[in-house]
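Structure record follows, encoded as structure tokens.
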Number of protein chains: 2
Amino acid sequence: MTQLIEQAEKLANLLTANHQTMVTAESCTGGLVATTLTELAGSSAWFLGAWVTYANEAKSGWLGVDANVIKSDGAVSQPVVAQMCAGALANSDADWAIAISGVAGPGGGTAEKPVGTVWIAVLGRGKEVIAEKFLFAGDRAKVRQQAALQAMTMLVAQLSNK
Amino acid sequence: MTQLIEQAEKLANLLTANHQTMVTAESCTGGLVATTLTELAGSSAWFLGAWVTYANEAKSGWLGVDANVIKSDGAVSQPVVAQMCAGALANSDADWAIAISGVAGPGGGTAEKPVGTVWIAVLGRGKEVIAEKFLFAGDRAKVRQQAALQAMTMLVAQLSNK
């Protein structure tokens with residue numbers, strides 16, 4: 001978990017330096033990114049909140065993800081994480097949104113999307129969404145930790161590239 | 001953290017036995033309850049999702065908490081956690097909602113609401129809200145852990161009393 005906190009601190013420093021804020025929209029990580037970010041004292045200055053959209057109805061109802069896209073592409077897909085990010089920005093004043101949807105296991109894996117498959121998206125207000133697919137190794141806890149770490153790493157990269 | 005997982009397992013067993021579902025609305029715990037619950041494989045059967053309403057605007061915008069009540073009573077108050085629970089049920093099909101709002105510290109404490117002050121509410125659909133104020137000892141991490149544990153304990157008590 002040390003790696004998670006280290007990356008959270010990097011993110012905190014970059015957002016603070018840029019006077020920017022963020023939100024998260026999390027499925028398989030279940031709020032792990034939000035929990036990690038808010039371990040840091042003073043995080044309320046740059047972290048506005050999170051949606052843990054575990055059920056598909058939450059993805060659609062709270063973030064406006066198209067239910068037909070969840071049906072056609074599955075909850076673990078590029079368009080779903082892209083729409084989760086877009087919904088998170090539409091429903092907040094944040095500058096950045098992170099979205100995560102994956103198969104943490106041990107159940108739920110398929111030949112096409114085995115356990116460890118995770119889609120992660122990062123979206124800045126007025127920017128193009130960046131979405132990537134990962135295949136993480138290990139058990140449920142390991143998959144969730146790697147997904148959370150990777151999501152923070154992707155946003156750190158965006159903020160460092162400015 | 002073992003205590004948290006043990007209580008999460010109790011909650012999982014009770015909700016499963018009752019064929020019921022839950023959501024959380026978390027402020028100072030930043031998603032710790034949601035993260036703990038979703039550490040359990042199969043949690044999607046009874047856990048629908050969570051709102052981490054860290055900013056006051058999130059409490060109002062996402063869960064319908066009255067902004068005037070936040071102004072008059074403060075974000076850490078009985079009416080705010082009660083309204084967070086009500087908003088969580090109104091925006092989901094869940095049978096139960098937990099809401100948590102407190103001063104995790106190290107900053108933010110006042111004479112009236114010192115660091116460690118946490119309001120927790122539990123609401124079942126069609127029932128009266130149950131809200132309690134706690135004063136937890138220890139640092140930020142300890143306050144958050146005790147708040148998360150207590151919230152789960154309150155819902156376990158409700159489900160056991162049926």
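As the structure is a prediction and not an experimental result, all values here were calculated from the model.
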Original post:
Counting heavy-atom pairs under 4.5 Å to chain A, which of B/C28, B/S92, B/S43 comes out on top?
Top reply: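 Option with the top pair count is B/S43.
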
Original post:
Hey, which of B/A58, B/G42, B/G105, B/S44 has the most heavy atom pairs under 4.5 Å with chain A?
Top reply: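 Highest number of pairs under 4.5 Å: B/S44.
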
If we define contacts as heavy-atom pairs under 4.5 Å, which of [options] has the most with chain B?
| options | answer |
| --- | --- |
| A/T35, A/T29, A/D93, A/N56 | A/T35 |
| A/G30, A/A55, A/G31, A/P106 | A/G30 |
| A/A41, A/A104, A/G61 | A/A41 |

**OP:** Apply side chain to side chain contact (heavy atoms under 4.5 Å, CB included) to B/W51 and B/N91, showing your working.
**Re:** CA-CA 10 Å; B/W51 292 265; B/N91 285 287; 3.6 Å; yes

Original post:
Where the side chain of B/R140 meets the backbone of A/T38, is there a donor-acceptor pair that is under 3.5 Å apart?
Top reply: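 Judged by distance alone, yes, a pair lies under 3.5 Å.
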
**OP:** Consider only side-chain heavy atoms of I, L, V, M, F, W and Y, link residues closer than 4.5 Å, and tell whether A/I130 and A/L11 are in one cluster.
**Re:**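 Cluster IDs for A/I130 and A/L11 match.
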
Original post:
Given a strict heavy-atom distance threshold of 4.5 Å, which part of B/S27 is in contact with chain A: side chain, backbone, both, or neither?
Top reply: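 Answer is neither: B/S27 stays 4.5 Å or more from chain A.
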
**OP:** Examine whether an atom of A/A141 lies under 4.5 Å from a heavy atom of chain B, and if so say whether it belongs to the side chain, the backbone or both; otherwise answer neither.
**Re:**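 Looking at A/A141, nothing touches chain B.
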
Original post:
Between A/W62 and B/W62, is the ring centre distance below 6.0 Å?
Top reply: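 Aromatic pair excluded; centres sit 6.0 Å or further apart.
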
**OP:** Check step by step if side-chain hydrogen bond (donor to acceptor under 3.5 Å, both in side chains) holds for A/Q7 and A/T153.
**Re:** CA-CA 7 Å; A/Q7 204 67 327; A/T153 303; 2.8 Å; yes

Original post:
Got B/E132 and B/I120 here, is their nearest side-chain heavy-atom distance under 4.5 Å?
Top reply: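 A side-chain contact under 4.5 Å is absent here.
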
